Amino acid sequence: VEFVINLNKLQNGLYQMHKHSDPYTRNDEGKLGLNFDDINDCGLKNSPTMKLRKTFRESPSLLVILDALSNFQPVFTIKMWVFFGAYALHHQVVSPNAVSNRHMTMPEVGTQLMTADACVLFCVEVVTLLLGLYQGRCRWGFGFRTWLVRRVLYLLVALLGLYLSVDPQLENLLGGYLDLGVTADGYWILRVALFFLLTRAAKSPFLPGVPNGRGGGAMPKARITKYRGCIWFFMLTCCLFFETFLVVPLASGFHYQDFCEDSCSLTLDPGYSVLLSSSCISCTGAMMLIWIIVGLTAFFDIYYIFYFGTAIIGYGMGHSRGLNNILSTAQRQVDLRFGMRRRIAAVGHEGAEMSDAAVMRKVFGPSWRMVWSRLAESMYEESMISDDHANRIVKAAGTVRWRSRHEQPDLMVLCSDKFSELRFVATARRVTGSESNSVFSQETLSFNAASASAWSFQTQGTLGTQAPGAVAGARAPCIAALHIRTAAGEDPIELSEEHFEPSNAYGNEVWIKLPEPCPVYEVFFSTCADPGSVPRDPTEWRLEGRLAGTDVWKHLIVQADQWVPSLERRCMEGPFAVEVWRKKDTDPRHNVMRLDDLPCAAGERMGFFVNSLRRLAKKNDQPLGLLDCHVGSFPSLTQIIPCYDETVINEEKMLRDSDGVNTNLGFIISQYPGEWRFFAQKSGFEPNDLYQAFIDGSLESNLIMEVRLWAAMRSQTVARTIAGAVQYHEVLGMLPSVRDSVAEAVAEMASSPLPQ
């Protein structure tokens, strides 16, 4: 099946929006401006003959309040019912004699609440119906019938409730079998049933989760619905008890018969000509204001309870992620030594420690240094740090600056590299230790590539035997088996005996020739069975790879921290991940940095980032990092940032304007003096000279725009939002799976013939 997409028709809606997007004014043709809602409505119609047109008339001025009331009617209804429940609970359980020192029966309470609910429902439905007709819902053709039926049914229920309230003799019409309380109960049963029948969550056109077998997937929809329902049930229950004990008692003693009967008795006389006298308006108005205040309090208490619960949950999440004290977060050390460390506390019991680098590797995958380098470059581009700070940040991770990543590709391993040979070199080995004693010592070995001799690597038979022509007194090789994984999620490849080449006489080096050039993702190895009583296993080592078709050797893995191999012979150790983007010959002593050496804002940002990853690493039970996941693991994202008559980038004139004391730009600089200094250094100016040149108008146009962007990022929230959205898409473009999928799509489009 082939589909042909006409891009001109597809982009027609955006073109019309670009021409005229103001929905409140008419153009020369007498049409109102289009927006995304109109485009979506026409798309949902799914009719090939339907032209793009205006389907909805936006509410101007105060009609927006009625629009909000119409759109959020189910939410307001549930909140109103919670208050009704608090009112009934207060009068029946908490304070049954609060009104006139007389106990109100449940039928009486039900009748009062039925009357209030019916009045509110009738008014809201009439307003919603009139507003919908004004907005042009009758012209939709799709969805109008359902909307109209819902309005009519609600109006019928409201009229029924009003009729039951004003005609208590209805029980006679029903043959005397029903009393007033049962009638009110019947209304509430019908009202609640109709509400839940007609109020359902709209189905989203987006599919949750990810393709089967592609990545970690998403939380099941039923589980999300259950959690969401439990949270809202808890908050509404808190509202119920708050209103029962604190809100309803505020007005429980104010009843019309007790508060206004004496002063308003004349108005109740049919012969009295004045409908509402001055003596009556005072008490009646006071009653109305009291209930208005009580109603507003009962309506807005969910706001405070929601944020109170959010604060508690947010504190718990921040505490679990190590963010409960942002100052201590910015003063911490970041350990970027990737080599895993293992200490043997007792025989058969092992404990593992994860550095910050290992945590990032678990979250992002082996290319975590690429993320770290881009993070440093992003802060440098925003003038949050200096060039020296950026160099120290990438040096701590043993990588290169993002801007110079293409200049020296031979200094680090890239995801696309393929290797033809591997070289395992032990730089330290265990010289003491036994099965009953976990205490050990190690010796440091020297490596000389020219000392390779005729020792053969054997995977069968007696390990450590001397091959023909071997140097007398030479030791057995340092490992007994090597497995490699060429890609994330693939099965390891076991390298057989014919793949190994002679090692040197000291046994600290093993050469492996791969069957064919391939990338290396992870490595496993097992230890030898030494002929003596002391096992001489590698505790510190490195793995090098020869780039296919060249003489360039790259450092794939450098295990600089002490790793204690298992005392059990032939036990597979690993996996050890290849350190992608690690700069060759990096000094491990520089892999620890203090965040308080950076500017305050940059230290807090990096501290927040690093501490957040530990929580993500604990929750991440997937074998693949974010940089290794299938492209389908990432949800589709369309970002729309609405703004109306809002300044995004500060204008030149606005920045030069002065109040007689300082210019607007000068005030912004006074709030961020360090970042202005970094920006001036990056631009090749002294801070004062750059400021004066901008005020005088002697800067070049591109540098003027840079100054405007610098000021906007520190004074305009919309600019920061847009910059964050752009960076999100840039990060997605960094992912290898996204780049590969785009490359495949481009190649397929290039090779496919164009439709005639």
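All of these numbers come straight from a predicted model, not from anything done at the bench.
Contact of the E604 side chain with the L595 side chain is not registered, since no non-hydrogen atoms from C-beta on lie closer than 4.5 Å. Put simply, the side chain of S367 reaches to within 4.5 Å of the side chain of C415, judged on heavy atoms. For the pair V523/H483, no side-chain contact is recorded, criterion being any heavy-atom separation below 4.5 Å from C-beta on. Proximity of L336 to S355: side-chain heavy atoms (C-beta onward) are nowhere separated by under 4.5 Å. A heavy-atom distance below 4.5 Å is not found between the side chains of R594 and V334. Contact of the L422 side chain with the I484 side chain is registered, since non-hydrogen atoms from C-beta on lie closer than 4.5 Å. Residues V578 and E522 are not in side-chain contact: their nearest non-hydrogen atoms beyond the backbone lie 4.5 Å or more apart. The side-chain heavy atoms of L375 and F609, taken from C-beta on, include a pair separated by under 4.5 Å.
Note that the NZ atom of K513 and the OG atom of S420 stand 6.0 Å from one another [nearest 0.5 Å]. Note that the CG atom of L543 and the CZ atom of F419 stand 9.0 Å from one another [nearest 0.5 Å]. Expressed to the nearest 0.5 Å, how far CZ of R582 lies from CD1 of I557 amounts to 10.5 Å. To the nearest 0.5 Å, atoms CD1 (I493) and SG (C518) are separated by 5.5 Å. Note: W710 CH2 to L690 CG = 9.5 Å, rounded to the nearest 0.5 Å. Rounded to the nearest 0.5 Å, atoms CD (Q716) and CD1 (I722) are 10.5 Å apart.
Residues passing the side-chain contact (heavy atoms from CB on, under 4.5 Å) test with S386 are D388, H389, F678, Q681, sequence neighbours excluded. Applying the side-chain hydrogen bond (donor to acceptor under 3.5 Å, both in side chains) test to K682 and every residue at least two apart in sequence or in another chain returns S383. A search for side-chain contact (heavy atoms from CB on, under 4.5 Å) contacts involving A723 returns M713, not counting sequence neighbours. Under the rule for a side-chain hydrogen bond (donor to acceptor under 3.5 Å, both in side chains), Y380 has no partner lying at least two apart in sequence or in another chain. Under the side-chain contact (heavy atoms from CB on, under 4.5 Å) criterion, L411 pairs with Q408, K583, sequence neighbours left out. Every salt bridge (Lys or Arg N to Asp or Glu O under 4.0 Å) that R546 has, sequence neighbours left out, goes to E421, D551. For the side-chain hydrogen bond (donor to acceptor under 3.5 Å, both in side chains) test, no residue two or more places apart in sequence or in another chain qualifies with S683. Here W372 pairs with nothing under the ring-ring contact (aromatic ring centres under 6.0 Å, His included) rule; sequence neighbours left out. A search for salt bridge (Lys or Arg N to Asp or Glu O under 4.0 Å) contacts involving R677 returns nothing, not counting sequence neighbours. By the salt bridge (Lys or Arg N to Asp or Glu O under 4.0 Å) test, R714 is found to be paired with E675, residues two or more places apart in sequence or in another chain being considered.
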Hey, mind stepping through M370 and R405 against side chain to side chain contact (heavy atoms under 4.5 Å, CB included) and telling me if it holds?
-> CA-CA 9 Å; M370 178 175 64; R405 63 190 183 279; over 6 Å; no
Using the side chain to side chain contact (heavy atoms under 4.5 Å, CB included) rule, take V520 and T486 through it: C-alpha gap first, then chi angles, then the decisive distance, then the call.
-> CA-CA 5 Å; V520 180; T486 59; over 6 Å; no
Pair Y691-W676, ring pair (Phe, Tyr, Trp, His ring centres under 6.0 Å): steps then yes or no | CA-CA 9 Å; Y691 169 74; W676 176 255; 7.0 Å; no
After noting the C-alpha distance and the side-chain angles of F685 and L703, does the key distance pass the side chain to side chain contact (heavy atoms under 4.5 Å, CB included) rule?
-> CA-CA 11 Å; F685 286 83; L703 197 52; 3.5 Å; yes
Pair F524-F576, ring pair (Phe, Tyr, Trp, His ring centres under 6.0 Å): steps then yes or no = CA-CA 6 Å; F524 305 78; F576 298 91; 8.3 Å; no
Given the rule in the side chain to side chain contact (heavy atoms under 4.5 Å, CB included) test, do V394 and V400 qualify, once you have shown the distances and angles that lead to the verdict?
-> CA-CA 6 Å; V394 297; V400 298; over 6 Å; no
Could you walk me through whether R542 and E544 pass the salt bridge (charged side-chain N to carboxylate O under 4.0 Å, His left out) check?
-> CA-CA 7 Å; R542 69 174 178 267; E544 302 174 357; 2.6 Å; yes
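By the neighbour-count criterion of 12 heavy atoms within 6.0 Å, atom CD of Q671 is densely surrounded, having more than that number from other residues, nucleotides or ligands.
Identified under the salt bridge (Lys or Arg N to Asp or Glu O under 4.0 Å) test for residues 717-728, with sequence neighbours left out: none. Residue pairs meeting the salt bridge (Lys or Arg N to Asp or Glu O under 4.0 Å) criterion with at least one member in residues 373-385, sequence neighbours excluded: R374-E381, R374-E730, E377-R401, E382-R605.
Side-chain atoms of K554 do not come within 3.5 Å of backbone N or O of G545 as any donor-acceptor pair. With hydrogens and angles disregarded, a donor-acceptor distance shorter than 3.5 Å links the side chain of N650 to the backbone of A712. Judged purely by atom type and a 3.5 angstrom limit, N391 uses its side chain to pair as donor or acceptor with the backbone of D387. A donor-acceptor pair under 3.5 Å is formed between the side chain of T427 and the backbone N or O of E540. Between the side chain of N611 and the backbone N or O of G607, at least one donor-acceptor pair lies under 3.5 Å.
For A376 against I385, the heavy-atom pair with the smallest separation is O-CD1, 3.6 Å. The heavy-atom pair separating P673 from S670 by the smallest distance is CD-O, 3.7 Å. Of all heavy-atom pairs spanning A396 and M593, the tightest one is CB-SD, 3.9 Å. Across every non-hydrogen atom of V413 and V580, the tightest pair is O-CG1, 3.3 Å.
Between R369 and E579 there is a salt bridge, with a side-chain nitrogen of the basic residue lying less than 4.0 Å from a carboxylate oxygen of the acidic one.
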